[in-house]
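The block underneath contains the structure these notes are about, expressed in structure tokens.
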Amino acid sequence: MTYARILATGSALPDRVVTNADLEKIVDTSDEWIRTRTGIRERRIAADGETTGDLSFRAAQQALADAGVKASEIDLLVLGTTTPDLIFPSTACLIQHRLGANGCTAFDVNAACSGFVYALGVANNFIRAGQSKKALVVGAETLTRMVDWSERETCVLFGDGAGAVVLEASGEPGILATCLHADGGYKDLLYNPVGVSVGFKDEKNHGVRITMKGREVFKFAVKTFDALVGETLAAAGMQESEVDWLIPHQANLRIIEATAKRLKMSMDRVIVTVDKHANTSSGSVPLALDAAVRSGRIQRGQNLLLEAFGGGFTWASALVRY
Ligand SMILES: CC(C)(COP(=O)(O)OP(=O)(O)OC[C@H]1O[C@@H](n2cnc3c(N)ncnc32)[C@H](O)[C@@H]1OP(=O)(O)O)[C@@H](O)C(=O)NCCC(=O)NCCS
């Protein structure tokens, strides 16, 4: 049996920190409202000219260096993002060239905030099928580029960042199960109304911006994670008690707490970075994973449950023996 094992992780954040107090100066909000409703205290925002590709490149370089793998050894590069540098080529192609991995399979996956877990699921299947021996998987966003800074309902929620993992084909367990889902019937609850084919302005002459029915998204996320946990454990043949760490999508601390409760996990076994990063969409799960690996909390041999949720709706999970 061939598994995809995580050799190493990496991450990258923009330098600029924007606190809730900073946002109080631009919209009618308060640090107290943001903290109690979401758990967010601050977020990072990309500098002018700093792109999803730049953050991806830095995260990938770190993961490759820590794995001791040369870019030229990578035969697959899958990048989850909904904020690519360009419409085409894909951001995966752009960073493939910068890294020096030219020639390998490289493509982006757009599954909104589930982008990284989707990309991980895709790479896992390439490795299990024998089509890849060493893969680089990235989740990266500059989501604040599509935030309307006059809308307090959304602008306080998002941030920018990237994370990456290097996977290797191995006889030792690695990724034990992945579950990937989508239901396009929920499009109107969370979407960006403009794009190439419909045009770059909507009927109200608005440009690119996140449109969201927050309360409904919240309810659906809690319900969906509840079912996803059960499905993923069953797919891996595991019990709740065997999961060492929950690494959830970092959108809202209250959603994370509800999932931990479902897993009967105390919050000290849950990786939380939403306070520092806000919702970085595809960047969120790999950023949290890398933070926990670097701080020494996650140890080799432990079981990690990764899960994400995003526009589409999409939802996805991975159970990983680290
Ligand atoms: C967005 C979210 C934080 C709002 O929290 P909530 O408890 O549902 O709050 P509500 O939407 O009920 O709004 C409550 C009030 O706060 C106000 N409000 C909204 N944003 C605010 C802000 N930034 N600051 C202050 N007040 C705000 C609303 O206008 C509303 O006022 P009203 O009662 O006078 O109408 C929450 O619904 C959420 O996190 N949803 C999921 C969003 C998400 O994760 N999206 C990404 C998924 S990948």
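Heavy atoms only: backbone and side chains are in, while hydrogens, waters and symmetry mates are out. Because the structure is a prediction, the values reported are computed rather than measured. As the structure lists them, so they are numbered: ligands from 1, and atoms in each ligand from 1.
Nearest-residue assignment for atom 40 (N) of ligand 1 (options Cys113, Ser30, Ala221, Gly214; heavy-atom criterion): Gly214. Atom 42 (C) of ligand 1 has its nearest heavy-atom neighbour, among Met212, Glu151, Glu24, in Met212. Considering Lys219, Glu32, Arg37 only, the shortest heavy-atom separation from atom 9 (O) of ligand 1 involves Arg37. With atom 17 (C) of ligand 1 as the reference point, the heavy atom nearest to it among Glu153, Lys213, Arg152 is part of Arg152.
At a distance under 4.0 Å, a protein heavy atom can be found next to atom 48 (S) of ligand 1. Inside a 4.0 Å radius of atom 30 (C) of ligand 1 there is not any protein heavy atom. Under the 4.0 angstrom criterion, atom 5 (O) of ligand 1 counts as having a protein heavy-atom contact. The protein does not reach atom 34 (O) of ligand 1 closely, with no heavy atom under 4.0 angstrom from it. Counting only heavy atoms, the protein gets under 4.0 Å from atom 20 (N) of ligand 1.
For ligand 1, one of its N or O atoms has an N or O atom of Thr29 under 3.5 Å away.
The pair Asp22-Arg16 fails the salt-bridge criterion, with no side-chain N (NZ, NE, NH1 or NH2) lying under 4.0 Å from an Asp/Glu carboxylate O. With respect to Lys133 and Glu168, no salt bridge is recorded, no charged nitrogen being found less than 4.0 Å from a carboxylate O.
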Kindly indicate, with the supporting measurements, whether the criterion salt bridge (Lys or Arg N to Asp or Glu O under 4.0 Å) is fulfilled by Glu242 and Arg321.
CA-CA 11 Å; Glu242 294 174 83; Arg321 174 87 38 83; over 6 Å; no

Take Thr83 and Met146 through the side-chain contact (heavy atoms from CB on, under 4.5 Å) test and state the conclusion after the steps.
CA-CA 8 Å; Thr83 48; Met146 60 161 94; 3.5 Å; yes

Could you check Glu42 against Thr19 for side chain to side chain donor-acceptor pair (under 3.5 Å), going step by step and ending with a plain yes or no?
CA-CA 4 Å; Glu42 60 186 44; Thr19 64; over 6 Å; no

Taking it one step at a time, do Ser281 and Glu141 satisfy side chain to side chain donor-acceptor pair (under 3.5 Å)?
CA-CA 7 Å; Ser281 187; Glu141 305 279 3; 3.1 Å; yes

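Residue, atom and distance of the protein heavy atom nearest to atom 10 (P) of ligand 1 are Arg215 NH2, 3.5 Å. Nearest to atom 39 (O) of ligand 1 among the protein's heavy atoms is Asn252 ND2, 2.7 Å. Atom 16 (O) of ligand 1 has Trp33 NE1, 3.2 Å as its closest protein atom, hydrogens excluded (heavy atom only).
Asp108 places no side-chain N or O within 3.5 Å of a backbone atom of Pro84 that could act as its donor or acceptor partner. Here the side chain of Arg43 pairs a donor or acceptor atom with the backbone of Val18 at under 3.5 angstrom. Glu240 places no side-chain N or O within donor-acceptor distance of the main-chain N or O of Leu263, the cut-off being under 3.5 Å.
At a 4.0 Å heavy-atom cut-off, ligand 1 does not touch Ile34 at all. In Phe218, the parts holding a heavy atom less than 4.0 Å from any atom of ligand 1 are both the side chain and the backbone.
Within 6.0 Å of atom CZ in Arg215, 12 or fewer heavy atoms from other residues, nucleotides or ligands are found, so the atom counts as exposed in its surroundings.
Counting the atoms of ligand 1 from 1 in the order shown, those under 4.0 Å from a heavy atom of Val156 are 23 (N). Atoms of ligand 1 lying under 4.0 Å from any heavy atom of Ala251, numbered from 1 in the order shown and given with element: 44 (O). Heavy-atom contacts of Arg254 reach the following atoms of ligand 1: 5 (O), 7 (O) (cutoff under 4.0 Å). Taking every heavy atom of Phe309 and a limit of under 4.0 angstrom, the matching atoms of ligand 1 come to 48 (S). For ligand 1, the atoms lying closer than 4.0 Å to a non-hydrogen atom of Thr38 are 3 (C). Of all atoms in ligand 1, numbered sequentially from 1 with element shown, those under 4.0 Å from a heavy atom of Asn279 are 46 (C), 48 (S).
The closest side-chain donor-acceptor pair between Thr52 and Thr91, if any, does not fall under 3.5 angstrom.
Phe220 and Phe309 have tilted rings, their planes meeting at an angle from 30° to 60° on a 0 to 90° scale.
No side-chain heavy atom of Ile40 sits less than 4.5 Å from a side-chain heavy atom of Asp275.
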